[in-house]
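Following: one structure in structure tokens, then a few remarks.
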Amino acid sequence: MDIHNAHLDGGLDDDDRTAAIERVAAEVEDDIRHGRVTDDMSRLLTERLEAAGISLAPAAIDELAEAIETDVSL
């Protein structure tokens, strides 16, 4: 998955933020594949990213949610 640093905000440096976002995205993908996600994807990502200390713009969250859904459907 391609994470664009221009969308990132938070107290971590770019590499740490990118790694945290990729980790959260991978966890969400795994949860989807195992049928554990029934919530709105953008809301779920927002909650999980905030729990990891990452704040993203709503448009970036939506973009990431779409990318995850695409990856899972392949």
Side-chain angles (χ1 to χ4, degrees):
M1 175 159 312
D2 212 12
I3 304 298
H4 303 286
N5 284 335
H7 295 299
L8 303 179
D9 183 23
L12 303 172
D13 68 33
D14 286 347
D15 290 337
D16 289 342
R17 285 183 284 180
T18 299
I21 293 169
E22 288 174 347
R23 179 181 42 78
V24 169
E27 290 170 359
V28 169
E29 284 182 14
D30 186 58
D31 286 347
I32 291 169
R33 286 190 176 101
H34 289 94
R36 295 185 292 247
V37 174
T38 58
D39 203 358
D40 174 69
M41 178 66 71
S42 293
R43 190 171 76 100
L44 176 67
L45 277 171
T46 300
E47 290 172 0
R48 291 193 183 186
L49 289 168
E50 286 177 356
I54 303 293
S55 176
L56 293 178
I61 295 283
D62 292 340
E63 182 180 314
L64 184 56
E66 288 179 27
I68 291 171
E69 289 173 345
T70 299
D71 286 352
V72 170
S73 68
L74 296 178

Identify the two heavy atoms, one from Glu29 and one from Asp71, that lie closest to each other, and give their separation to 0.1 Å.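 Where Glu29 meets Asp71 most closely, the heavy atoms are OE2-OD2, 3.3 Å.
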
Heavy-atom side-chain contact between [X] and [Y] under 4.5 Å:
{"X": "Leu56", "Y": "Ile21", "value": "yes"}
{"X": "Leu64", "Y": "Val28", "value": "no"}
{"X": "Ile54", "Y": "Val24", "value": "no"}

Determine, stepwise, if the pair Leu45 / Ile68 fulfils side chain to side chain contact (heavy atoms under 4.5 Å, CB included). CA-CA 10 Å; Leu45 277 171; Ile68 291 171; 3.8 Å; yes

Residues in side chain to side chain contact (heavy atoms under 4.5 Å, CB included) contact with Asp30, at least two apart in sequence or another chain: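 Counting only residues at least two positions away or on another chain, Asp30 forms a side chain to side chain contact (heavy atoms under 4.5 Å, CB included) with His34, Arg36.
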
Results of salt bridge (Lys or Arg N to Asp or Glu O under 4.0 Å) for Arg23 - residues two or more places apart only: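 Result, salt bridge (Lys or Arg N to Asp or Glu O under 4.0 Å) vs Arg23: Glu27.
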
Could you walk me through whether Asp31 and Arg48 pass the side chain to side chain contact (heavy atoms under 4.5 Å, CB included) check? CA-CA 12 Å; Asp31 286 347; Arg48 291 193 183 186; 2.7 Å; yes

Taking Thr18 for the side chain and Asp15 for the main chain, is one N or O donor matched with an acceptor at less than 3.5 Å?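 Between the backbone of Asp15 and the side chain of Thr18 there is no qualifying donor-acceptor contact (under 3.5 Å).
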
Could you grab the distance from atom [atom1] of [X] to atom [atom2] of [Y], nearest 0.5 Å is fine?
{"X": "Ile61", "Y": "Ser42", "atom1": "CD1", "atom2": "OG", "value": "7.0 Å"}
{"X": "Met41", "Y": "Ile32", "atom1": "CE", "atom2": "CD1", "value": "3.0 Å"}
{"X": "Asp14", "Y": "Arg17", "atom1": "CG", "atom2": "CZ", "value": "4.5 Å"}

